[in-house]
Undergrad: 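What follows is a structure written as structure tokens; I'll ask about it next.
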2 protein chains.
Amino acid sequence: MVTNVRDRTAREPLTRDRVLRTAVSLADRVGVDGLSMRKLAQEFGVVPMALYKHVANKEELLDGMVDVIIGEVDSPIAGADWRTAVRERILSARRALLRHPWASRLLETRSTPTPTVLAYMDEMIGLFRDGGLSLDITHHAMHTMGSRLFGFTQELFNDPPPIAPELEAALYEAMATTYPHVYEIYRSVTHDDASVVGGHGCDDQFEFEFALDLLLDGIEQQV
Amino acid sequence: MVTNVRDRTAREPLTRDRVLRTAVSLADRVGVDGLSMRKLAQEFGVVPMALYKHVANKEELLDGMVDVIIGEVDSPIAGADWRTAVRERILSARRALLRHPWASRLLETRSTPTPTVLAYMDEMIGLFRDGGLSLDITHHAMHTMGSRLFGFTQELFNDPPPIAPELEAALYEAMATTYPHVYEIYRSVTHDDASVVGGHGCDDQFEFEFALDLLLDGIEQQV
DNA sequence: ACCTGAACACCGTTCAAGT
DNA sequence: ACCTGAACACCGTTCAAGT
């Protein structure tokens, strides 16, 4: 007698939506690199090929997962000036991405925007335009904001390495002569800021908002 | 009688440097996704495991390839004000990345900076500091610049889809009602700008410099 | 018409055997 | 001591066979 990983009696029919949502929650657990068609199928107690009924291939699955995340972003608040509307929407996108740490990396690898992504960008352009910005300025603004429109920045080397705090300090001391300027900043951050939580000792939310406001200032001055 | 893919008589000894440079040129030809340890080994007429003498694993190979690219960036020009020095260096990095279209994507996937990358960032911090910017401002400036320090922006969906120009226009017409704001910008770009070359019709170099200058303006105002 | 599983053409990497 | 190739544990996806 063969028993399945999952109870077959409790089995609901597969739908594209269920496939995508389960893929998101699997990625939350194992990361986007750990996500495979085979593991996802296992999640349903189903043969890998069964997924291909709902999704043409893995790329389409990944696109769909991005759509699920975008769906978590709040709609623009009504009746606000363009700057507030843009700012709040971006911060909402950021909160969604922070809930799914793999999502920004995934977004980076998409080669074609899905309709959902296009709609998101269209709405964002609309916020600038309705605020009275010219086509040209809006166009440049969109390029300037880049991935910040989706609530993230290129996170180069940001992964907090799992290292003991006292070891980390020693490591930086060792780097002091080779990378004096990096060291200097490291020192200033770890000494000044008592509220530092994890990572490389930077307050990522502060840095994100600092850059965001600097950009919005710059755009405002173009008007 | 068995002949090798490459002439064995002409074979120089493998070195880490040769491995990395050949990996870069292989990636130039087949893209970074097409690059595998097995194909790279074939390039030398060697068994895959032979590479592991010079590189601990594939991650280290990829890190090394980034270092090769960084090595192509010009040193900061001497005697310039901080703004010019930073600007020129970033544009030099951009030129290096444009020579290897896969490189920015690769950079995005690195999880730990190599010594070469750290040295690059250290020099960049030095330019700000030598220009008289405070530690705090410099720190925020580095975060704000983000991947632009390496000469690229998050290129979300920028890959020019291989589509016939007349088809592209028709596609956008079809989108006109669904994504009115995107359409409006598309129209303004394709009509105004006669010098548009390839891609989505945007002048990427202009957009990059526009955003770069906007950021440098913003940083300057903080001083 | 639908679902399935074996098979294909790849991966990166381990490891024991060969020289 | 060095190099090698078979083998392992995975992939995404094709395709023909089963119901």
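In the text below, chain A, chain B and the rest are named by the order of the sequence lines, each starting its count at 1.
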Undergrad: Write down the partner of C:dC8 under the Watson-Crick or G-U wobble criteria, each distance required to be under 3.5 Å.
TA: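 Base-paired to D:dG12.
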Undergrad: Distance alone, cut at 3.5 Å: any donor-acceptor contact between the side chains of B:Asp67 and B:Thr114?
TA: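 Side-chain D/A pair, B:Asp67 to B:Thr114: present.
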Undergrad: Kindly write out the residues that satisfy salt bridge (Lys or Arg N to Asp or Glu O under 4.0 Å) with B:Asp17, not counting sequence neighbours, or none if the list is empty.
TA: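 Partners of B:Asp17 by the salt bridge (Lys or Arg N to Asp or Glu O under 4.0 Å) criterion, ordered by chain and then number, come out as B:Arg21.
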Undergrad: CG of A:Leu40 to CG of A:Leu26: how many Å apart, nearest 0.5 Å?
TA: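 If I round to the nearest 0.5 Å, the distance is 6.0 Å.
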Undergrad: Can you tell me the distance, in whole Å, between the CD atom of B:Gln42 and the P atom of D:dG5?
TA: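 In whole Å, D:dG5 P and B:Gln42 CD are 13 Å from each other.
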Undergrad: Scan nucleotides 6-19 of chain C nucleotide by nucleotide, 5' to 3', and note B when protein non-hydrogen atoms come under 4.0 Å of the base, S if they reach only the sugar-phosphate, - if neither.
TA: -B---BBBBB----
Undergrad: D:dG18 pairs with which nucleotide, Watson-Crick or G-U wobble, both distances below 3.5 Å?
TA: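 WC or wobble partner is C:dC2.
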Undergrad: I'd like to know if the side chain of B:Glu72 pairs up with that of B:His100 as donor and acceptor (distance under 3.5 Å, no hydrogens or angles considered).
TA: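 There is such a pair (donor and acceptor under 3.5 Å, judged by atom type) between the side chains of B:Glu72 and B:His100.
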Undergrad: Under 6.0 Å from the ring centre and within 45 degrees of the ring axis: does the NZ or CZ of A:Arg94 meet both conditions for the six-membered ring of A:Phe208?
TA: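 Cation-pi check for A:Arg94 and A:Phe208: passes.
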